[in-house]
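Residue numbers begin at 1 in each chain, while the letters A, B, ... track the order of the sequences.
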Number of protein chains: 2
Amino acid sequence: MLIFIEPESEKPIYQQIRDQIVEGIARGELLPGTGLPSIRQLAADFGINLHTVNKAYELLERQGFLQVRRKTGAVVQPSGRLAEDWEARLSTLLAEALAQGLPAEEIVGRCQRVLAALTDRERPSGSCAQQAGERGEKPDKP
Amino acid sequence: MLIFIEPESEKPIYQQIRDQIVEGIARGELLPGTGLPSIRQLAADFGINLHTVNKAYELLERQGFLQVRRKTGAVVQPSGRLAEDWEARLSTLLAEALAQGLPAEEIVGRCQRVLAALTDRERPSGSCAQQAGERGEKPDKP
DNA sequence: TATTTGCTATATAATTGATATAACAAATAG
DNA sequence: CTATTTGTTATATCAATTATATAGCAAATA
């Protein structure tokens, strides 16, 4: 499971981390019970601040994707509960396509394709987090 | 076509305006060629600043939903072009449902229901913008 | 010509995103 | 038990974003 950070993106870093972990769970690369790297570890790998990763984990816990414990770290544990505003967000997104003239069937087709791409098993999980910056940072901490 | 502003929402006001206009277009309440209220008019109706409405209109124009002219004001004119990152955003949203254990067919069903709700004609458009604040503000401008 | 309108330019204040230190508390490893 | 790792909390700083407040300019219209 690789995570790529784009520091120049308009999407906040903590949101990028959240989204990619959610996708990892959806893909089945992060199964329930899987342990995630520690906050400090991820922050070091990405070369970003501890609090940025913490914010992502905190968000994922509040939204019911993880459970965070003391020494154990974050563990994948979906609650089975969809966010209350999920359908509202879906409506906004689908409306965007309708407004641009895409037929409803075409939109449904795209949803099915995206879902198929996510549920398409074939992918043996590698289970490591990876830096996305183009410059090779020296791994300190001797 | 009514627009409701929730000043306390975590979603920025200009984004609320954008989303609701996009939904209005999707619903067919705002047909191509329809003129929208002037920036100053909408701002006065909502009791918000001119620039906030301007930002929403500017965004809608950049994303290909409106064309804005001098004295004519904003006119609904979808470009037919979906945003490049639309599928990526869809993937993130659908992944959220998959990660919480919803079966793919259930998700597709929800997409179809949301689309049906949007394309369900029945709704004669009223064509006016409306304040959402619960307190009746005095309409100044003497 | 006078008004309306979009547009631009500042300026200010509150909030958010990200970083930087520092310290505390709980769980684990030795 | 001791030392380390880990999540957590508390500050502080800086930049960008969100929203507001004025002000003025230019184009289109009546």
Exercise. Salt bridge check: are A:Glu87 and B:Arg113 linked by an N-O gap of less than 4.0 Å?
Worked result: yes

Exercise. For the pair made of CG in A:Asn54 and P in C:dT21, what is the distance, rounded to whole Å?
Worked result: 18 Å

Exercise. So what does A:Tyr14 touch, heavy atoms closer than 4.0 Å: a base, only the sugar-phosphate, or nothing?
Worked result: sugar-phosphate

Seminar exercise, completed: Between B:Pro12 and A:Gln41, the residue closer to the 5' end of DNA chain D by nearest nucleotide is A:Gln41

Seminar exercise, completed: Quick note, A:Asn49 side chain, CB onward, closest among D:dG7, C:dC7, C:dT21 is C:dT21

Problem set entry | Euclidean distance, atom CD of residue A:Glu8 to atom C1' of D:dA15 [Å, nearest integer] | 13 Å

Exercise. Do the charged groups of B:Glu106 and B:Arg110 touch, with an N to O distance under 4.0 Å?
Worked result: yes

For this session: Decide whether B:Gln63 and B:Arg18 meet the rule of one side-chain donor and one side-chain acceptor closer than 3.5 Å.
Result: yes

Exercise. Could you state the CZ-P distance from A:Arg18 to C:dG17, rounded to the nearest angstrom?
Worked result: 13 Å

Exercise. Do the side-chain N or O atoms of B:Lys55 get closer than 4.0 angstrom to the phosphate oxygens (OP1, OP2) of D:dT18?
Worked result: yes

For this session: Treating Ile, Leu, Val, Met, Phe, Trp and Tyr as nodes and any side-chain heavy-atom pair under 4.5 angstrom as an edge, say whether B:Val75 and B:Ile17 lie in one connected cluster.
Result: no

Exercise. Of A:Thr52 and A:Lys71, whose nearest nucleotide on DNA chain C comes first from the 5' end?
Worked result: A:Thr52

Problem set entry | Nearest-nucleotide pick for B:His51, side chain only, options being C:dT5, C:dT19, C:dT10 | C:dT10

Exercise. Per the atom types in the model, does the base of C:dG6 pair as donor or acceptor with the side chain of B:Arg40 at under 3.5 Å?
Worked result: yes

